A.B. asks: 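Following this message is one structure expressed as structure tokens.
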Amino acid sequence: MEEGDLIVFSDEVWLLSFGKVSLYNVTCVPAPSSVHHRRHEAPGRHQNYRLLGILRPSPVAVQRAGTQYWTPAICRSDIVMATCGQSTQQNATYFVNPGYPSAFDGTGSCQLTIHKAHPEVCQYRIDFDKFVLAAPEPVNNVCNNDQFIVSGGNPIPGICGVNSGNHMYVNAGSGNNSPITLTVVTSGPSFGRMWKMKISQIPCNSIYRAEEGCLQYFTGVSGQVKSFNYDPVSGLQLSNQDYSACIRVERNFCGIQYTACSDLTNNRSHAFALSGDTSGQNPVTSMVGGIGPSSCASDWIIIPCATNVGRPPTSAPTCVDRICGGTFSSEVSTTAATVQ
């Protein structure tokens, strides 16, 4: 086994499973402590990630002595720009709005069909280099005008709003005849939409292949987690979101710590806001667990067996899964904490 190979043990990859999640923005910093890993699935809302400095291979087919080798390499295939009504099997294809780089103010359905470049492709990674669609309606936060939809792979929630810098992983299925379709639906009032999405094809043997069930996958020793359509001023939680985001445990690290990011826009940080009235500037308490008066009954983020860092040794140990409310903490409090 060579350095860099992905070993799939029970503690190799930590999963963050998000229930109905609202606006949050969490920095992930590995810590030298053991964290138990479990897979969870919970009904919920959206998340969105941006991890700094991701290095990932683009798969390349190499012809040698009449035999085709499918190998991951740190390189890029020829760039292909595609738009509505087209199909592609080229790695590193960019799906753009009509008239890109100009904004698009039309209505209708714009679809791109993606085929495998090789039978050994197991996943597609979609990077939203530019993603600006109409925001959700402000009552129930439903994407009832514009929406981005992925069909043909694993179930993926529809999203809208501003999501530049985010990404998704989509299962490619088995065999050669299992395409996926990317659809951007636009309707409603006049609005300048713009999108540019990079589709990378991930080989089955790549160390950058995400674990099964992961909509997002991050590597590296630190990064940021943001909900889809996150913005400290105008961002709205997207309804009907339920997915998992996975963080690969790096060499010589055995735990992960999470801290709400700084919010320089508001008097009270809006970096984490899930459930309850968190729109004002007054502190809003955190809520935890699934039972009791301060529990998370509708929206939540799941960090398996979460506990606050730096608890006094004499304090009774706590271990919760669901965290919500207006303060990021594994305990009911208006003081933000670092959670592991």
Side-chain angles (χ1 to χ4, degrees), residues 47-61 70-104 110-118 120-133 146-154 156-173 178-184 186 193-204 206-210 214-220 223-224 226 228-229 243 245-246:
Q47 300 73 26
N48 176 355
Y49 277 68
R50 183 181 65 186
L51 187 66
L52 303 179
I54 293 178
L55 178 64
R56 64 180 181 281
S58 296
V60 180
W70 182 250
T71 60
I74 307 299
C75 60
R76 175 180 289 179
S77 302
D78 293 336
I79 295 175
V80 175
M81 307 290 281
T83 189
C84 310
Q86 297 180 341
S87 63
T88 181
Q89 64 179 42
Q90 178 69 46
N91 184 43
T93 293
Y94 284 87
F95 178 31
V96 299
N97 61 270
Y100 185 87
S102 297
F104 174 67
C110 181
Q111 294 185 331
L112 175 68
T113 302
I114 311 294
H115 298 270
K116 291 183 180 181
H118 189 275
E120 290 302 315
V121 169
C122 278
Q123 293 175 338
Y124 303 105
R125 174 175 168 129
I126 306 172
D127 284 283
F128 302 130
D129 289 1
K130 189 72 174 181
F131 189 115
V132 180
L133 298 179
D146 296 357
Q147 189 170 182
F148 172 67
I149 303 169
V150 180
S151 54
N154 47 302
I156 292 178
I159 63 173
C160 60
V162 178
N163 293 290
S164 301
N166 287 321
H167 75 270
M168 292 180 173
Y169 276 81
V170 183
N171 288 340
S178 53
I180 67 166
T181 301
L182 310 183
T183 304
V184 178
T186 57
R193 293 98 174 168
M194 186 179 295
W195 65 88
K196 180 184 179 184
M197 310 175 192
K198 180 182 178 182
I199 300 96
S200 301
Q201 304 203 15
I202 309 297
C204 300
S206 171
I207 64 172
Y208 295 94
R209 176 185 175 184
C214 303
L215 183 66
Q216 295 182 317
Y217 186 60
F218 301 100
T219 62
Q224 289 188 348
K226 296 191 300 181
F228 287 125
N229 195 43
Y243 64 81
C246 306

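It should be emphasised that the depicted structure is a prediction, and the values quoted were computed from it without experimental measurement. Position 1 is the first residue of the sequence; numbering continues from there.
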A.B. asks: Tell me, with the steps shown, if Leu215 and Ile156 meet side-chain contact (heavy atoms from CB on, under 4.5 Å).
C.D. replies: CA-CA 8 Å; Leu215 183 66; Ile156 292 178; 3.7 Å; yes

A.B. asks: Verify, without hydrogens or angle tests, whether Lys196 (side chain) and Pro101 (backbone) share a donor-acceptor contact under 3.5 angstrom.
C.D. replies: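 Checked: no pair found.
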
A.B. asks: Any non-hydrogen side-chain atom of Cys204 less than 4.5 Å from a side-chain atom of Glu120?
C.D. replies: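 Heavy-atom side-chain distance check passes, below 4.5 Å.
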
A.B. asks: Please examine the side chains of Val170 and Leu182, heavy atoms only from C-beta on, and report whether any two atoms are closer than 4.5 Å.
C.D. replies: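 Result no, sub-4.5 Å side-chain heavy-atom pair not found.
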
A.B. asks: Give me the atom names and distance for the closest heavy-atom approach of Asn163 to Cys160.
C.D. replies: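 Closest approach of Asn163 to Cys160: ND2-O, 2.9 Å.
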
A.B. asks: Looking only at heavy atoms, which two atoms of Asn171 and Asn154 are closest? And how far apart?
C.D. replies: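 Heavy-atom minimum between the residues: N-OD1, 2.7 Å.
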
A.B. asks: Is any side-chain heavy atom of Ile159 less than 4.5 Å from a side-chain heavy atom of Asn229?
C.D. replies: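 With C-beta onward as the side chain, the pair stays apart.
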
A.B. asks: Please report whether the ring centroid of Phe131 lies less than 6.0 Å from that of His167.
C.D. replies: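 Ring centroids of His167 and Phe131 are no less than 6.0 Å from each other.
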
A.B. asks: Quick check: does any side chain N or O of Asn97 sit under 3.5 Å from a backbone N or O of Trp195, one acting as donor and the other as acceptor?
C.D. replies: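 Yes.
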
A.B. asks: To the nearest 0.5 Å, what is the distance between CD on Gln86 and SG on Cys110?
C.D. replies: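 Here the interatomic distance stands at 9.0 Å.
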
A.B. asks: Please report the shortest heavy-atom distance between Ile199 and Ile126, naming the atom on each side.
C.D. replies: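 Shortest heavy-atom separation between Ile199 and Ile126 comes out as CG1-CG1, 4.5 Å.
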
A.B. asks: Could you give the distance from OG1 (Thr186) to CD (Gln147), rounded to the nearest 0.5 Å?
C.D. replies: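 Here the rounded value is 12.0 Å.
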
A.B. asks: Between Gln201 and Asn91, which heavy-atom pair has the shortest distance, and what is it?
C.D. replies: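 In terms of heavy atoms, the two residues are closest at N-OD1, 2.8 Å.
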
A.B. asks: Quick check on ring-ring contact (aromatic ring centres under 6.0 Å, His included): which of Phe128, Phe228, Phe95 does Phe148 satisfy it with?
C.D. replies: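 Exactly one candidate clears the test, Phe128.
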
A.B. asks: Does any N or O in the side chain of Thr93 come within less than 3.5 Å of the main-chain N or O of Gln90, such that one atom is a donor and the other an acceptor?
C.D. replies: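 Between the backbone of Gln90 and the side chain of Thr93 there is a qualifying donor-acceptor contact (under 3.5 Å).
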
A.B. asks: Hey, what do you get for OG1 (Thr181) to CG (Leu112), rounding to the nearest 0.5 Å?
C.D. replies: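 CG of Leu112 is found 8.0 Å from OG1 of Thr181.
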
A.B. asks: Ignoring hydrogens and angles, tell me if any N or O in the side chain of Tyr124 forms a donor-acceptor pair with the backbone of Met168 under 3.5 Å.
C.D. replies: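 Side chain of Tyr124 to backbone of Met168: no pair is present.
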
A.B. asks: Keeping Lys198 on the side-chain end and Asp127 on the backbone end, is there a donor-acceptor pair under 3.5 Å?
C.D. replies: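 Such a contact is absent between Lys198 side chain and Asp127 backbone.
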
A.B. asks: Identify the two heavy atoms, one from Val132 and one from Ser164, that lie closest to each other, and give their separation to 0.1 Å.
C.D. replies: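 Where Val132 meets Ser164 most closely, the heavy atoms are CG2-OG, 4.4 Å.
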
A.B. asks: Please give me the minimum heavy-atom distance between Pro179 and Thr113, naming the atom from each residue.
C.D. replies: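 In terms of heavy atoms, the two residues are closest at CB-CG2, 3.8 Å.
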
A.B. asks: In this structure, which one of Arg125, Gln123, Arg209 forms a side chain to side chain donor-acceptor pair (under 3.5 Å) with Tyr169?
C.D. replies: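 Answer after filtering Arg125, Gln123, Arg209: Arg125.
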
